[in-house]
S.K.: 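Take this structure first; my questions come after.
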Amino acid sequence: MILFFSGTGNSAFVARKLARKIQDEYMNVFDRIKHEDYGEIHSEKPFVIVCPTYGWQMPHFLEEWMEKVTFTGSKEMYFMLTCGSDIGNAGKYAKEFCARKEMIYRGCAEVVMPENYIAMFPVPNKEESELIVKKAVPVIEKLAYYIEVGRPFPKYKTGVVNWIKSAPVNKVFYGIFVHAKKFTVDDSCIGCGKCERVCPLNNVELENGKPKWGDHCTHCMACICDCPREAIEYGKRSIGKPRYHCP
Ligand SMILES: Cc1cc2nc3c(=O)[nH]c(=O)nc-3n(C[C@H](O)[C@H](O)[C@H](O)COP(=O)(O)O)c2cc1C
Ligand code: SF4
Ligand code: SF4
């Protein structure tokens, strides 16, 4: 079974593509996370976790949710992390997660997709995104093959740079950069509540018809990218940037 989380659609795309290829079912874990549902998840086939890379690891909130879930049936677990450039040493943490959960680690693979982090970096426009997604398709198909034939994903190169990214830089990244203090909303907001609905961590609430952000944001970029009026900005960083959705 493929379990996926996606802030802006990349991982959803990869999960669906993979599901078609390996003829397996997929589950969007968004509702479960949002409603703090830790109920058992059963699959006779290996579990495949598909998610974005945040700070060169799988998202912490996803890992924390998975820690509390009981996985039954297959003991095998694959990880497919979508990313804008690379996943650093993310496999180490996925492997440690499996050890804690008594699951069999079957590897962690990266799928380069368009960058979605509009609060920090430039993001590609629609045409550029389409090209990147096109290039990702054979990568997904190759990884699907490994799952189909029951082989672990090929090992990828790790080294000191990747260690630095996923360990100390990840810590600094979460400690300093990941917060909702810089979100603002302008007068074009129509109070539709979409930003509230799409937040996996219930960190957005409408107050007098306008969003207010709490203090447990994970920077998934769903609220800012999904607003139908583009009424949300993140400090000055997001101004003028196209809102990202997987094409
Ligand atoms: C908070 C945050 C952190 C990110 N960290 C990384 C990273 O460490 N390496 C990388 O290559 N891409 C990084 N990205 C880019 C995303 O992982 C990438 O665009 C991903 O495919 C988005 O998936 P989604 O559309 O399913 O949410 C980051 C994006 C966000 C929002
Ligand atoms: S999604 Fe946009 S328009 Fe809708 S309530 Fe949120 S900020 Fe306002
Ligand atoms: S507040 Fe916005 S960016 Fe932060 S977790 Fe919620 S939807 Fe994602």
S.K.: Under the 3.5 angstrom rule, does the side chain of Asn170 hit a backbone N or O of Gly55 as a donor-acceptor pair?
M.R.: yes
S.K.: Of all residues at least two apart in sequence or in a different chain, which pass the side-chain contact (heavy atoms from CB on, under 4.5 Å) check with Cys98?
M.R.: Met77, Phe79, Met103, Tyr105
S.K.: Are the side chains of Cys217 and Leu201 in touch, meaning some heavy atoms are under 4.5 Å apart?
M.R.: no
S.K.: For residues 220-247, which residue pairs pass the ring-ring contact (aromatic ring centres under 6.0 Å, His included) check, not counting sequence neighbours?
M.R.: Phe183-Tyr234, His219-Tyr234
S.K.: Taking atom types as modelled and ignoring hydrogens, do the side chains of Asn116 and Thr8 form a donor-acceptor contact shorter than 3.5 angstrom?
M.R.: yes
S.K.: Is there a donor-acceptor pair closer than 3.5 Å between any side-chain N or O of Lys241 and the backbone N or O of Phe121?
M.R.: yes
S.K.: State which residues pass side-chain contact (heavy atoms from CB on, under 4.5 Å) with His42; sequence neighbours excluded, sorted by chain then number.
M.R.: Glu40, Glu44, Thr72
S.K.: For Lys21, which residues count as a side-chain contact (heavy atoms from CB on, under 4.5 Å) partner, sequence neighbours excluded?
M.R.: Glu141, Ala144
S.K.: Can you name the side-chain contact (heavy atoms from CB on, under 4.5 Å) partners of Ser11, sequence neighbours left out?
M.R.: Ser6, Val50, Pro52, Thr82
S.K.: Any sub-3.5 Å donor-acceptor pair from Glu102's side-chain atoms to Ala99's backbone N or O?
M.R.: no
S.K.: Please step through side-chain contact (heavy atoms from CB on, under 4.5 Å) for the pair Ser85 and Val112, ending with a clear verdict.
M.R.: CA-CA 6 Å; Ser85 59; Val112 175; 5.9 Å; no
S.K.: For this output row, return yes or no: ring centroids of Tyr78 and Phe47 closer than 6.0 angstrom.
M.R.: no
S.K.: Centroid-to-centroid, Tyr117 to Tyr54, below 6.0 Å?
M.R.: no
S.K.: Given side chains that start at C-beta, do those of Pro228 and Cys192 come closer than 4.5 Å, heavy atoms only?
M.R.: yes
S.K.: For residues 85-98, which residue pairs qualify under salt bridge (charged side-chain N to carboxylate O under 4.0 Å, His left out), counting only residues two or more places apart or in two chains?
M.R.: Asp86-Lys165, Lys92-Glu96
S.K.: To the nearest 0.5 Å, what is the distance between CD1 (Ile118) and OG (Ser238)?
M.R.: 5.0 Å
S.K.: In the structure I gave you, are the side-chain heavy atoms of Leu81 and Met58 within less than 4.5 Å of one another anywhere?
M.R.: yes
S.K.: Give, for atom CG of Leu143 and atom CG of Leu18, the distance between the pair rounded to the nearest 0.5 Å.
M.R.: 8.0 Å
S.K.: Enumerate the salt bridge (charged side-chain N to carboxylate O under 4.0 Å, His left out) contacts for residues 219-238, please, sequence neighbours excluded, ordered by first and then second residue.
M.R.: Glu233-Arg243
S.K.: Could you state whether Ile22 and Val14 fall into the same hydrophobic cluster, counting links through intermediate Ile, Leu, Val, Met, Phe, Trp or Tyr residues with side-chain heavy atoms under 4.5 angstrom apart?
M.R.: yes
S.K.: Linking I/L/V/M/F/W/Y whenever their side-chain heavy atoms sit closer than 4.5 Å, directly or via other members, would Val69 and Val48 fall into one cluster?
M.R.: no
S.K.: Please list all pairs meeting side chain to side chain donor-acceptor pair (under 3.5 Å) that have one or both residues in residues 192-218, counting only residues at least two apart or in different chains.
M.R.: Lys34-Asn202
S.K.: Rounded at 0.5 Å granularity, tell me how far OG in Ser166 sits from CD1 in Ile87.
M.R.: 8.0 Å
S.K.: If you define the side chain from C-beta out and look only at heavy atoms, does anything of Phe173 sit under 4.5 Å from Val178?
M.R.: yes
S.K.: Taking side chain as C-beta onward, heavy atoms only, is Cys199 less than 4.5 Å from Cys223?
M.R.: no
S.K.: Are Ile2 and Met113 linked, directly or through other ILVMFWY residues, by side chains that come within less than 4.5 angstrom of each other?
M.R.: yes
S.K.: Which salt bridge (charged side-chain N to carboxylate O under 4.0 Å, His left out) pairs, counting each pair once, include a residue from residues 119-128, with sequence neighbours left out?
M.R.: Lys126-Glu130
S.K.: With sequence neighbours excluded, give me every side chain to side chain donor-acceptor pair (under 3.5 Å) pair touching residues 175-186.
M.R.: Asp186-Ser188
S.K.: Do Phe4 and Val139 sit in one hydrophobic cluster, given that two such residues count as connected whenever their side-chain heavy atoms are within less than 4.5 Å of each other, even indirectly?
M.R.: yes
S.K.: Can you tell me how far apart CG (Asp31) and CD (Glu36) are? Round to the nearest 0.5 Å.
M.R.: 13.0 Å
S.K.: Should the heavy atoms of other residues, nucleotides or ligands under 6.0 Å from CZ of Phe13 be counted, would the total exceed 12?
M.R.: yes
S.K.: Nearest 0.5 Å, please: how far is CD1 in Ile224 from CD1 in Ile232?
M.R.: 6.5 Å
S.K.: Is it the case that more than 12 heavy atoms not belonging to Tyr145 sit under 6.0 Å from its OH atom?
M.R.: no
S.K.: Using side-chain heavy atoms (C-beta onward) and a distance below 4.5 Å, is Cys220 in contact with Phe5?
M.R.: yes
S.K.: Evaluate the side-chain contact (heavy atoms from CB on, under 4.5 Å) criterion for residues Leu3 and Tyr26: first the C-alpha distance (whole Å), next the side-chain angles of each, then the deciding distance (0.1 Å), finally the verdict.
M.R.: CA-CA 6 Å; Leu3 303 176; Tyr26 61 89; over 6 Å; no
S.K.: Give a yes or no on whether Val29 and Phe71 share a hydrophobic cluster (residues Ile, Leu, Val, Met, Phe, Trp, Tyr; joining criterion: side-chain heavy atoms under 4.5 Å apart).
M.R.: yes
S.K.: Given side chains that start at C-beta, do those of Arg32 and Met27 come closer than 4.5 Å, heavy atoms only?
M.R.: yes
S.K.: Looking only at non-hydrogen atoms, find the nearest pair between Tyr146 and Pro152 and report the distance.
M.R.: CD2-O, 3.3 Å
S.K.: Is there side-chain contact between Ile49 and Met66, with heavy atoms separated by less than 4.5 Å?
M.R.: yes
S.K.: What pairs of residues pass the side chain to side chain donor-acceptor pair (under 3.5 Å) test when at least one of them lies in residues 61-71, not counting sequence neighbours?
M.R.: Glu63-Arg100, Glu67-Arg100
S.K.: Hey, could you give me each pair passing salt bridge (charged side-chain N to carboxylate O under 4.0 Å, His left out) that has a residue in residues 106-118? Not counting sequence neighbours.
M.R.: Glu76-Arg106
